[in-house]
Amino acid sequence: LIDPKRYIIGGTYCIFFMGIFIYFVLILFCVYMAFELGRYVIATGDALPLIIVILLVLLSIHCIRQVYKAIKNKDLDILD
């Protein structure tokens, strides 16, 4: 009738939806910050913050992917 393993916090479904939620929040945050940064660059003409932010976003995406892969593969040694 009811599979109790499906509703455990560490279950596969929870990790899957947590990953989707994290990516959704990250996308919303990135869109908002890109909008604000675009306004700043247009207003001041300074492109250095744009370059720094792009590099930080790429680093953040890489780190999130690595953590997600570690959780997905249940290889938590990578988090040490």
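To the nearest 0.5 Å, atoms CG (Leu26) and CD1 (Ile64) are separated by 4.5 Å.
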Per-pair distances, 0.1 Å, donor-acceptor, side chain in residues 41-58, under 3.5 Å, sequence neighbours excluded:
| from | atom 1 | to | atom 2 | distance (Å) |
| --- | --- | --- | --- | --- |
| Thr44 | OG1 | Tyr40 | O | 2.9 |
| Thr44 | OG1 | Asp46 | N | 3.3 |
| Asp46 | OD1 | Leu48 | N | 3.4 |

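The side-chain hydrogen bond (donor to acceptor under 3.5 Å, both in side chains) contacts involving residues 17-30 comprise nothing, where partners must be two or more places apart or lie in separate chains. Applying the salt bridge (Lys or Arg N to Asp or Glu O under 4.0 Å) test to residues at least two apart or on different chains, none of the pairs has a partner in residues 17-30. Listed by first and then second residue, the side-chain hydrogen bond (donor to acceptor under 3.5 Å, both in side chains) pairs that reach into residues 28-37 are Glu36-Arg39, sequence neighbours excluded. Applying the side-chain hydrogen bond (donor to acceptor under 3.5 Å, both in side chains) test to every pair with at least one member in residues 48-65, sequence neighbours left out, gives no pairs at all.
Side-chain contacts under 4.5 Å among hydrophobic residues (ILVMFWY), followed directly or transitively, place Leu28 together with Phe24.
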